[in-house]
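Written out below as structure tokens is the structure these notes cover.
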Amino acid sequence: MKLQPSAGTAALALVSHALCPYVQRAAIVLAEKDVPFERRDVNLAAKPDWFLAVSPLGKTPVLLVDGAPVFESAVICEYLDETLAPPLHPADPLARARHRGWIEFGSDILNVIARFYSAPDEAQLGARRDELARRFIQLEAVLGEGPYFAGARFSIVDAVFGPVFRYFDAFDRFTALGVFDNLPKVQRWRKALAARPSVRDAVDPQYPERLMAFLRARGSALSRRIEVAAMA
């Protein structure tokens, strides 16, 4: 995705990794703002010097604003919401604070997902699966009638959970986790986010195959499930 900025706007470049869910958050927010930006993918296994110069933590994403770096996905999303219309955060301070809390909750779920696909044996895989199920039960309790987290209006919380649900699109291809069983509001939210153009287009068409290759290479319990499914 390489677009040129229009006259009078800052030149925006999103420094990315093809599989990074945090990059997807920023890409979704940029798409919702309908602003042009350039996407620059880096190889995190061989980080170039220019990338280390703009990313103090050596992580993606980094947003370059006229060349000046802004790093960490939550900070990037906040910056974009403060500087570009339409606003995705609620106007009410209490509602905005609550949204920020659920954004952090989404980051915690991503950490659990990483522990899930890295679990070395079936016992730990099952424990992480149960942990994920508990997180989504908590979400079911706070969701309204949808289709998005706060109702009809798309927010940064939705930008955070689009990449979360995308992992389960991959998991569903080879194993039945049942994480969303009996959670109709979560299921409806997942479906609405999958259909949103900004969420759908936050990854390239090769993303599913790249993610599957990544999961198979982990040497984990989940990797072994993938191998068994492939032979069936």
Side-chain angles (χ1 to χ4, degrees), residues 1-3 10-31 35-80 103-120 124-125 128 132 156 159-171 173-174 193 198-227:
M1 179 187 299
K2 290 191 176 182
L3 303 174
L12 301 176
L14 184 63
V15 184
S16 311
H17 181 269
L19 294 180
C20 178
Y22 297 96
V23 165
Q24 293 177 46
R25 295 179 178 183
I28 291 166
V29 171
L30 283 161
V35 292
F37 68 100
E38 175 188 356
R39 193 156 176 169
R40 301 179 188 172
D41 284 345
V42 296
N43 180 0
L44 294 179
K47 299 170 184 174
D49 290 341
W50 70 263
F51 171 67
L52 294 174
V54 298
S55 179
L57 298 175
K59 300 190 300 184
T60 54
V62 177
L63 182 69
L64 300 177
V65 184
D66 286 337
V70 180
F71 61 96
E72 285 297 296
S73 65
V75 178
I76 291 169
C77 291
E78 292 282 338
Y79 168 77
L80 292 171
I103 288 168
E104 184 60 28
F105 190 87
S107 296
D108 179 73
I109 291 181
L110 285 175
N111 290 333
V112 180
I113 288 172
R115 294 196 294 270
F116 172 77
Y117 64 60
S118 301
Q124 293 189 51
L125 187 72
R128 299 290 78 76
L132 286 169
I156 296 178
V160 166
F161 276 88
V164 168
F165 288 124
R166 203 188 310 274
Y167 275 106
F168 293 91
D169 296 342
F171 300 153
R173 292 170 61 181
F174 61 87
L193 291 179
S198 64
V199 175
R200 184 185 62 233
D201 297 339
V203 295
D204 66 35
Q206 289 74 45
Y207 174 87
E209 288 69 31
R210 288 175 172 173
L211 178 59
M212 194 62 66
F214 169 80
L215 295 173
R216 294 181 78 159
R218 300 297 296 175
S220 65
L222 192 68
S223 304
R224 292 187 286 276
R225 284 196 184 188
I226 297 173
E227 295 300 332

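Everything numeric in this text was worked out from a predicted model, so none of it was measured.
- When all heavy atoms of Ile28 and Pro163 are compared, the closest pair comes out as CD1-CD, 3.9 Å.
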Trace of the side chain to side chain contact (heavy atoms under 4.5 Å, CB included) decision for Val29 with Tyr79: CA-CA 10 Å; Val29 171; Tyr79 168 77; over 6 Å; no
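- Rounding to the nearest 0.5 Å places OG of Ser220 at 7.5 Å from CG of Leu215.
- Note that CD of Glu72 and OG1 of Thr60 are 10.0 Å apart. Values are rounded to the nearest 0.5 Å.
- Leu211 places none of its side-chain heavy atoms less than 4.5 Å from the side chain of Arg166.
- Rounding to the nearest 0.5 Å places CZ of Arg218 at 12.5 Å from CZ of Arg224.
- In summary, the aromatic rings of Phe171 and Phe168 are positioned with their centroids under 6.0 Å apart.
- Considering CG of Leu222 and CZ of Arg128, their distance stands at 13.5 Å, rounded to 0.5 Å.
- By the 4.5 Å heavy-atom criterion applied to side chains, Arg225 and Leu125 are counted as neighbours.
- Counting only residues at least two apart or in different chains, salt bridge (charged side-chain N to carboxylate O under 4.0 Å, His left out) contacts with residues 106-117 comprise Asp108-Arg135, Arg115-Glu131.
- The two atoms that bring Ser223 and Gly219 nearest to each other are OG-N, 3.2 Å, heavy atoms only.
- A ring-centre distance under 6.0 Å is not found for Phe116 and Tyr167.
- Tyr22 places a side-chain heavy atom less than 4.5 Å from the side chain of Ser107.
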Stepwise side chain to side chain contact (heavy atoms under 4.5 Å, CB included) test for Leu64 and Leu12: CA-CA 6 Å; Leu64 300 177; Leu12 301 176; over 6 Å; no
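- Using a 4.5 Å cut-off on side-chain heavy atoms (C-beta onward), Arg216 and Phe174 make no contact.
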Trace of the side chain to side chain contact (heavy atoms under 4.5 Å, CB included) decision for Val203 with Arg210: CA-CA 11 Å; Val203 295; Arg210 288 175 172 173; over 6 Å; no
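- The line from CD1 of Ile113 to OG of Ser118 is 11.5 Å long, rounded to the nearest 0.5 Å.
- Taking all atoms of both residues into account, the shortest heavy-atom contact from Val23 to His17 is CG2-N, 3.7 Å.
- Between the OG atom in Ser73 and the CG atom in Leu63 there is a gap of 11.5 Å [rounded to 0.5 Å].
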Worked check of side chain to side chain contact (heavy atoms under 4.5 Å, CB included) between Phe51 and Val62: CA-CA 9 Å; Phe51 171 67; Val62 177; 4.3 Å; yes
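- Using a 4.5 Å heavy-atom cutoff, the side chains of Ser55 and Lys47 are not in contact.
- Take Tyr117 and apply the ring pair (Phe, Tyr, Trp, His ring centres under 6.0 Å) test, not counting sequence neighbours, and it matches Phe214.
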